[in-house]
Number of protein chains: 2
Amino acid sequence: MNIGEASGRSGLPAKTIRYYEDIGLIRPDRGDNGYRDYGADDVHKLRFLHRSRSLGFSVEECRQLLALYEDKSRASADVKDIATAKLIEIDRKIRELTELRRTLEHLVHACHGNERPDCPILEELSEE
Amino acid sequence: MNIGEASGRSGLPAKTIRYYEDIGLIRPDRGDNGYRDYGADDVHKLRFLHRSRSLGFSVEECRQLLALYEDKSRASADVKDIATAKLIEIDRKIRELTELRRTLEHLVHACHGNERPDCPILEELSEE
DNA sequence: CTTGACCTTCCAGTAACAGGAAGGTTCATA
DNA sequence: TATGAACCTTCCTGTTACTGGAAGGTCAAG
């Protein structure tokens with residue numbers, strides 16, 4: 001498929017997809033007309049990139065995560081180490097998002113009006 | 001306190017803190033010597049910025065989130081709208097992180113060796 | 001066979017910092 | 001009192017991860 005369809009299916013702008021090719025993240029085939037030609041597996045990778053980028057992982061981290069998929073012989077210890085480190089990082093992000101959510105919900109529902117600016121939530125945020 | 005201590009307490013590099021001042025996110029006092037002087041509430045805001053940035057919110061989104069704290073009369077509907085939109089976004093991020101975690105864990109523990117590259121996880125990732 | 005919607009490369013701009021130079025301030029120590 | 005380390009300041013440049021736009025080739029429909 002062309003880049004437009006790959007863009008539509010992955011959610012990434014075509015510009016970004018070309019950029020990811022520039023920096024060597026994805027290597028689509030080329031048709032005789034010079035157009036990029038994406039397969040279903042490319043779209044999977046693009047989706048994955050879209051997600052992990054939006055979740056605060058850097059492009060280099062995404063490159064590592066992607067390597068976990070592409071490594072055919074995933075037995076090596078360093079690959080496992082990377083994955084384990086990412087798992088810890090993901091858990092931390094989930095915890096922080098959950099806290100952020102609680103804080104925000106508190107602000108919206110409970111803390112309306114006059115009990116500011118010395119709202120206890122600000123204190124709460126400074127913990128840990 | 002000076003910027004160094006504010007940096008230590010918030011986890012943000014001093015460079016970043018100065019940048020956030022440049023773009024109008026935080027307005028610390030200045031001492032007679034020209035040094036920036038941060039209060040405890042400033043540190044709270046910096047912590048908050050640190051977190052929300054690392055979770056994939058843009059600086060402009062962080063500015064909105066911060067406005068929720070700073071808005072003394074938080075009765076206005078648009079502020080509530082912003083907060084509600086952020087809550088939805090946070091929920092989505094949590095869901096996606098949870099999926100990413102599951103995927104990664106699967107890769108590390110279950111999917112080792114030869115069942116690739118047509119691993120079912122890639123199919124799974126393409127859903128939704 | 002032209003029109004519009006694709007696609008291409010290339011170059012410039014933006015966002016969100018990070019590094020480093022050049023210089024002022026503060027504080028412990030000699 | 002002086003000197004040196006460890007702070008701080010502004011300013012300017014560089015990097016990352018895109019984004020927009022120009023200039024031009026391709027393709028399917030009318």
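Proteins get letters first, then strands, A, B, ... in listed order; numbering begins at 1 in each.
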Next item on the list: Write down the atom of A:Ser52, the atom of A:Cys62, and the distance for their closest heavy-atom approach.
Entry: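 Residues A:Ser52 and A:Cys62, closest heavy atoms: OG-SG, 3.5 Å.
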Once you round it to whole Å, what is the distance between [atom2] of [N] and [atom1] of [X]?
X	N	atom1	atom2	answer
B:Ile23	C:dA15	CD1	C1'	9 Å
B:Tyr19	D:dT10	OH	P	16 Å
A:Leu12	D:dA17	CG	P	14 Å
A:Leu25	D:dT16	CG	P	13 Å
A:Arg63	D:dT16	CZ	P	11 Å
A:Asp22	D:dT19	CG	C1'	13 Å
A:Glu21	D:dC18	CD	P	15 Å
A:Phe57	D:dA17	CZ	C1'	17 Å

Next item on the list: Using the closest heavy atom to pick a nucleotide of DNA chain D for each, name whichever of B:Asn2 or A:Glu60 lands nearer the 5' end.
Entry: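 Residue closer to the 5' terminus by nearest nucleotide: B:Asn2.
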Check: Given that B:Arg18 and A:Tyr35 both sit by DNA chain D, which one's nearest nucleotide is further toward the 5' end?
Finding: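 Mapping each residue to its closest nucleotide by heavy atoms, the 5'-most match is B:Arg18.
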Nearest to the [X] side chain among [options], which nucleotide is it?
X	options	result
B:Pro13	C:dA18, D:dC18, C:dT9	C:dA18
A:Lys15	D:dC8, D:dG21, D:dT10	D:dG21
A:Arg30	C:dA16, D:dT9, C:dT8	C:dT8
A:Thr16	C:dC10, D:dC8, D:dC18	D:dC18
A:Val59	C:dA16, C:dT9, D:dC18	D:dC18

Margin query: One thing to verify: whether A:Arg63 and A:Glu60 come together as a salt bridge, which I'm taking to mean a side-chain N less than 4.0 angstrom from a carboxylate O.
Written below: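 A salt bridge is present here (some side-chain N lies under 4.0 Å from a carboxylate O).
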With a 4.0 Å limit, can you tell me whether [X] has a side-chain N or O closer than that to the phosphate oxygens OP1/OP2 of [N]?
X	N	answer
B:Asn33	D:dT9	no
A:Arg53	D:dA17	no
B:Tyr20	C:dA16	no

Item checked: Cluster link A:Leu66 to A:Ile17, ILVMFWY, side chain under 4.5 Å ->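 Yes, one cluster joins them.
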Next item on the list: May I ask you to check if A:Lys45 and A:Tyr20 form a cation-pi contact, with NZ or CZ under 6.0 angstrom from the six-membered ring centre and within 45° of the axis?
Entry: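 The answer is no; the distance or angle limit is not met.
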Next item on the list: Measure the shortest side-chain to side-chain distance between A:Met1 and A:Val43 over non-hydrogen atoms and say whether it is less than 4.5 angstrom.
Entry: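 A side-chain contact exists here, since the closest heavy-atom pair is under 4.5 Å.
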